[in-house]
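Heads up, the thing below is written out as structure tokens.
Letters go in sequence order (proteins before strands), and every chain restarts at 1.
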Number of protein chains: 2
Amino acid sequence: MTNANATLADVARLAGVSEITVSRVVRNLGPISENTRQKVNSAISKLDYVPNRAAGMLASAGSNLVAVLLPSLSNIVFPEVMRGIAEGLRGTGHQPLIGVTDYDPLQEEALLTSFMSWRPVAVITTGFEHTETTRRMLSSGRIRVAELMDIDSQPIDLAVGLSHRSAGQVTSRHLADLGYRRFGYVGHDWTADRRARLRYDGLVEGLAERGLSIVAETLNPGPSSTEAGKAALATLLAKGAAPDVVVFSNDDMAVGGYFHCLAAGIEVKRDLALFGFNGLEIGQCMPAPLSTLRSNRFLIGKQAVEVLLSTPKRPDETQTIDTGFEIIVGKTA
Amino acid sequence: MTNANATLADVARLAGVSEITVSRVVRNLGPISENTRQKVNSAISKLDYVPNRAAGMLASAGSNLVAVLLPSLSNIVFPEVMRGIAEGLRGTGHQPLIGVTDYDPLQEEALLTSFMSWRPVAVITTGFEHTETTRRMLSSGRIRVAELMDIDSQPIDLAVGLSHRSAGQVTSRHLADLGYRRFGYVGHDWTADRRARLRYDGLVEGLAERGLSIVAETLNPGPSSTEAGKAALATLLAKGAAPDVVVFSNDDMAVGGYFHCLAAGIEVKRDLALFGFNGLEIGQCMPAPLSTLRSNRFLIGKQAVEVLLSTPKRPDETQTIDTGFEIIVGKTA
DNA sequence: GGATTTTATGGTAGCGCTGTCATTATCGCG
DNA sequence: CGCGATAATGACAGCGCTACCATAAAATCC
């Protein structure tokens with residue numbers, strides 16, 4: 001209010017102390033007499049002093065920024081991961097710098113390049129698919145790197161997530177145990193979403209173990225959505241393969257499938273069983289709670305941050321944290 | 001790779017030019033001969049030089065950061081706003097610094113204090129409820145400020161959103177025109193979500209115009225969710241007031257209400273009409289598409305950024321942008 | 001063909017802060 | 001009461017970059 005943009009020096013002058021003393025008061029460092037602290041604090045509020053992190057960062061060569069690269073915000077899964085990240089960051093004095101890559105490695109590279117100039121203490125991204133340049137920037141070893149969601153490959157530094165391949169396998173075993181034999185699959189464009197593809201592969205593998213296979217599948221172009229699931233299930237059923245269960249690439253799609261059944265008068269489970277992935281709230285509120293696999297999105301974000309910040313220096317060994325998944329039995333399969 | 005952390009000076013030395021020339025190449029400023037540009041660029045890649053924005057910012061007194069304060073990430077509405085913000089930011093070289101306030105003005109203040117030290121060019125927040133300190137920081141006038149979602153009050157600088165009061169009024173007029181007379185209301189905790197409250201007020205006002213009023217209402221404690229909507233509708237109906245239409249605080253709640261009807265065998269619209277707010281995708285995929293009001297969340301974020309960045313200096317006059325809303329007729333009312 | 005403009009480059013002085021190394025009270029203690 | 005320890009403060013250099021002002025060479029002009 002008072003001043004245009006007060007600096008440490010202004011505060012020091014007004015308080016009648018040296019700059020470094022003000023700096024210490026602001027950062028709560030070293031021994032400061034009560035008297036001095038008060039003088040400084042009153043000067044600070046009188047001048048509406050706001051520290052300049054750029055200067056601080058330059059002088060101390062350390063930022064408190066964490067770069068976060070998310071594929072999308074349209075899919076509720078990533079905001080939930082972000083919630084976990086924000087929770088992990090809370091109270092640590094760290095701030096997230098967020099970018100949305102649209103599942104595009106080149107976009108990721110561009111954002112990362114830009115983020116790196118802020119000298120973040122850590123980078124959080126998703127999956128293992130990165131451009132050469134991205135990989136090089138992240139590998140240089142100075143900062144910590146977490147790759148979230150997936151643990152099916154070797155991480156650069158830290159991976160936090162679940163095995164999607166294994167999730168797919170568990171799905172098919174579970175459904176086969178329930179007696180289903182004619183498996184349908186409804187998915188979305190998985191060139192972007194490699195993890196959906198991994199789950200599909202796991203599913204096929206799990207079925208193969210039992211001598212089963214997928215009798216019909218439909219891939220809806222574009223990203224996953226309720227609408228896509230609804231439309232794609234209709235397409236699948238029109239093919240006439242008469243599956244007794246349909247596995248969806250995720251819950252959004254599965255909820256869409258459920259809506260299709262409601263609209264088409266198909267009695268879910270008796271006529272056609274449905275199975276999703278993620279365990280979203282919406283699926284559990286339906287008249288017939290969705291049978292699905294719970295992934296722990298919030299936990300993934302939170303754990304990643306906790307590990308990253310607890311060990312600021314990258315360990316020699318890479319680390320993989322499995323946040324697991326559980327079957328939600330539900331009433332649709 | 002090569003170097004620990006190369007600086008401009010290192011690049012200049014290797015390229016055999018002055019620092020400022022390197023700086024110009026990096027920033028694409030001023031006239032540079034093709035020859036020099038190449039020498040510099042090759043030195044840059046040889047050293048894996050990454051500019052240091054902290055230094056740049058300090059020297060030029062300008063950041064490219066936009067502070068974004070969102071109440072929540074659990075509610076899909078805000079990720080959608082954020083998508084709009086990210087879209088508006090794309091290609092401008094600006095980066096968002098994101099904080100989640102949990103609908104808490106004190107949390108907002110804490111985050112803002114922290115963000116201000118990065119000298120953002122603009123601050124984007126939601127609503128008009130801020131602490132005194134927050135208001136003071138934002139009013140100082142140096143940076144641009146957008147308050148999103150709501151336009152029912154006087155903004156500090158720029159407001160982008162819709163009139164929730166008016167949305168409530170339109171809702172009741174629309175439903176009254178359709179012949180509904182016995183209005184129920186199902187909401188969530190609106191001490192946090194002031195806009196839901198405004199819609200409610202508008203709804204009541206709109207009803208009053210027609211000599212109508214709400215015959216029964218239930219407020220579910222806690223934030224809005226599908227589950228909350230489902231439970232609260234059950235509670236409401238148990239009260240026995242026999243409404244012919246229920247207005248929900250938003251689509252999440254309304255979808256929950258729809259699920260309750262499905263489960264309880266209530267034929268939607270004939271036995272009980274449902275009306276939401278937001279126009280989320282999920283509501284439109286249901287067997288009976290939800291009757292609701294579309295708010296333009298993506299647009300709110302995008303427009304805010306566009307206006308903010310197009311006029312870096314705060315104008316003398318405050319500005320309000322109405323992104324409007326439209327009735328989605330649907331099949332539930 | 002000298003004056004003027006344009007193109008290409010560099011020197012220097014900070015931006016606002018913190019790390020390092022002093023320096024000066026003040027205190028406990030045998 | 002003198003000595004090391006602790007508490008409280010300051011001087012100063014420099015983090016890596018860019019704004020500002022200059023300079024030199026080449027191009028343009030009447």
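The side-chain contact (heavy atoms from CB on, under 4.5 Å) test with M137(B) is passed by exactly one of E132(B), H130(B), M116(B): M116(B).
If you take CG of L8(B) and P of dC15(C), they are 19 Å apart, rounded to a whole angstrom. Protein atom CG of N5(A) is 13 Å distant from nucleotide atom P of dC15(C), rounded to whole Å. Taking atom CG of N52(A) as the reference point, atom P of dG16(C) lies 7 Å away to the nearest angstrom. L29(B) places its CG atom 12 Å from the P atom of dC20(D), with the value rounded to the nearest Å. One interatomic measurement links the two molecules: CG of N28(A) to P of dT18(C), which rounds to 13 Å at whole-angstrom precision. The CE atom of M57(B) sits 11 Å away from the P atom of dG16(C) (whole-angstrom rounding). dA8(D) atom C1' lies 11 Å from atom NZ of K39(A), rounded to whole Å. Straight-line distance from the CG atom of N64(B) to the C1' atom of dC17(D): 14 Å, rounded to whole Å.
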Show the atom names and distances, to 0.1 Å, of all donor-acceptor pairs under 3.5 Å that link a side chain in residues 34-41 of chain A to residues at least two apart or in another chain.
| from | atom 1 | to | atom 2 | distance (Å) |
| --- | --- | --- | --- | --- |
| T36(A) | OG1 | S33(A) | OG | 2.7 |
| N41(A) | ND2 | R37(A) | O | 3.3 |

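In summary, D150(A) and R195(A) do not engage in a salt bridge, as defined by a charged side-chain N under 4.0 Å from a carboxylate O.
Residues satisfying the side chain to side chain contact (heavy atoms under 4.5 Å, CB included) test with L58(B), not counting sequence neighbours, are N52(A), A55(A), L58(A). The side-chain hydrogen bond (donor to acceptor under 3.5 Å, both in side chains) check on S18(B) picks up T21(B), with sequence neighbours excluded. For D102(B), the side chain to side chain contact (heavy atoms under 4.5 Å, CB included) criterion is met by R90(A), V100(B), not counting sequence neighbours.
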- Its contact letters, B for base, S for sugar-phosphate only and - for none at protein heavy atoms under 4.0 Å, make nucleotides 3-14 of chain C read ----SBBB---B
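Distances shorter than 4.0 Å separate some side-chain N or O of R27(B) from OP1 or OP2 on dT18(D).
Note on the helix from dG1(C)-dC30(D) to dG30(C)-dC1(D): terminal axis deviation equals 30°, with five pairs used at each end and the result rounded to 10°.
Residue pairs satisfying the side chain to side chain donor-acceptor pair (under 3.5 Å) criterion with at least one member in residues 301-310 of chain A, sequence neighbours excluded, are listed as follows: K302(A)-E306(A). Within the structure, every pair that satisfies the ring-ring contact (aromatic ring centres under 6.0 Å, His included) test and touches residues 80-129 of chain A, not counting sequence neighbours, is listed here: W118(A)-W118(B). A side chain to side chain donor-acceptor pair (under 3.5 Å) check over residues 53-76 of chain B, counting only residues at least two apart or in different chains, returns the pairs R83(A)-S74(B).
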